[in-house]
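Naming convention: chains lettered A, B, ... in sequence-line order (proteins, then strands); numbering from 1 in each chain. Predicted, not measured: the structure shown is a model, and the values here were computed from it.
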2 protein chains.
Amino acid sequence: MPRDPDLLFRTLADPTRRGIFEQLCRRGEQTVAALTAHAGVSQPAVSKHLAALKQAGLVRDRPEGRQTHYSAQPKALAPLADWTQQMASFWDARFDALEDLLKRMDQ
Amino acid sequence: MPRDPDLLFRTLADPTRRGIFEQLCRRGEQTVAALTAHAGVSQPAVSKHLAALKQAGLVRDRPEGRQTHYSAQPKALAPLADWTQQMASFWDARFDALEDLLKRMDQ
DNA sequence: TAGATTCATAACCAGTCAGTTATGAATTAA
DNA sequence: TTAATTCATAACTGACTGGTTATGAATCTA
């Protein structure tokens, strides 16, 4: 159930790639050409980033004629949110344990 | 307010480094030697990872004699959670807009 | 059909980075 | 003081990867 967030972290670590994903989240489905217009890198670079995002499940592609439409799959971010939550909860648990100990010592 | 999550993503992208951070979240403050015992890499590698984590604000160091104790600062994960939340909300907003449009068309 | 457009892939390059060993500084122990 | 321990840094290396240009396949248009 707590899926491995490794691929997710690696995929989102690159700012250009993260920018493309953000663009898709903000503006919705877009073609490669539209994404390239904002990405600041060449079209092949964008295609490679899209392939990486697809590999991580963060986007879906919808081929239509000679163009391909991509859209974000924000659901795929769940393992990331889970991981973050888990780290915080570990910390909280220890904090609670300390609080508990202090209370006990106070008695 | 929405701080830049770039350094955070880059820092957490490496599995070894993320493992060290997880260890600190789970077990609390630990020395470099203790962390090295679990990391599966050399002590200098661990020291470098700790320096990176510290740079990102994810850990604090507490020098004590010849050893240095490190502890997690999970608060530093906030921008990550914020970013994730924001991506989801962008998506939801568009979804709502679509829903709205459909309702309007239905009238 | 011929030409233009859209995208993906191949091939290559340069910079980054995580790992190593070697070493030294600072502290503790004998 | 001498020896041992703990950690950080320097120097180096090899792998990875994000960028490029070149190219080709597929599709649309004139």
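Per the geometry, CG belonging to Leu7(B) stands 11 Å off P belonging to dC17(C), to the nearest Å. Atoms NE2 (His49(B)) and P (dT16(C)) sit 18 Å apart, rounded to a whole Å.
Atom-to-atom distance recorded for Leu53(A):CG and Lys48(A):NZ is 13.5 Å, nearest 0.5 angstrom. Atom CE of residue Met87(B) and atom CG of residue Asp82(B) lie 10.5 Å apart, to the nearest 0.5 angstrom. Distance check: Gln85(B) CD to Thr84(A) OG1 gives 11.5 Å after rounding to the nearest 0.5 Å.
Where Arg66(A) and Val46(A) meet DNA chain C, the nucleotide closest to each residue was compared, and Arg66(A) sits on the side nearer the 5' end. For the pair Gly40(A) and Gly65(A), nearest-nucleotide mapping onto DNA chain D gives the more 5' position to Gly40(A).
No side-chain heavy atom of Arg17(A) sits under 4.5 Å from any side-chain heavy atom of Phe21(A). Lys54(B) is listed as a side-chain neighbour of Asp61(B), based on a closest heavy-atom distance under 4.5 Å. Between Gln73(B) and Val59(B) there is no side-chain heavy-atom pair separated by less than 4.5 Å.
Of the candidates Val46(B), Leu58(B), Leu24(B), Thr31(B), Tyr70(B) forms a side-chain contact (heavy atoms from CB on, under 4.5 Å) with just one, namely Leu24(B).
Ala45(A) comes within 4.0 angstrom of a nucleotide base, judged by non-hydrogen atoms across all strands. Residue Pro44(B) is classed as a base contact, given a heavy-atom separation below 4.0 Å to a base. If you check every strand for non-hydrogen atoms under 4.0 Å, Thr68(B) touches sugar and phosphate atoms only. Base contact: Gln43(B) has a heavy atom under 4.0 Å from a base atom.
The outermost nucleotides of DNA chain D lying under 4.0 Å from heavy atoms of chain A, listed 5' to 3', are dG18(D) to dC28(D).
Of the charged side-chain nitrogens involved, none lies within less than 4.0 Å of a carboxylate oxygen, so that Asp14(A) and Arg18(A) do not count as a salt-bridged pair.
Applying a 4.0 Å cut-off to non-hydrogen atoms, the residues of residues 9-32 of chain A that approach DNA chain C are Thr31(A), Val32(A), listed by residue number.
For Ser47(B) (side chain) and Pro44(B) (main-chain N/O), no donor-acceptor pair under 3.5 Å exists by modelled atom type.
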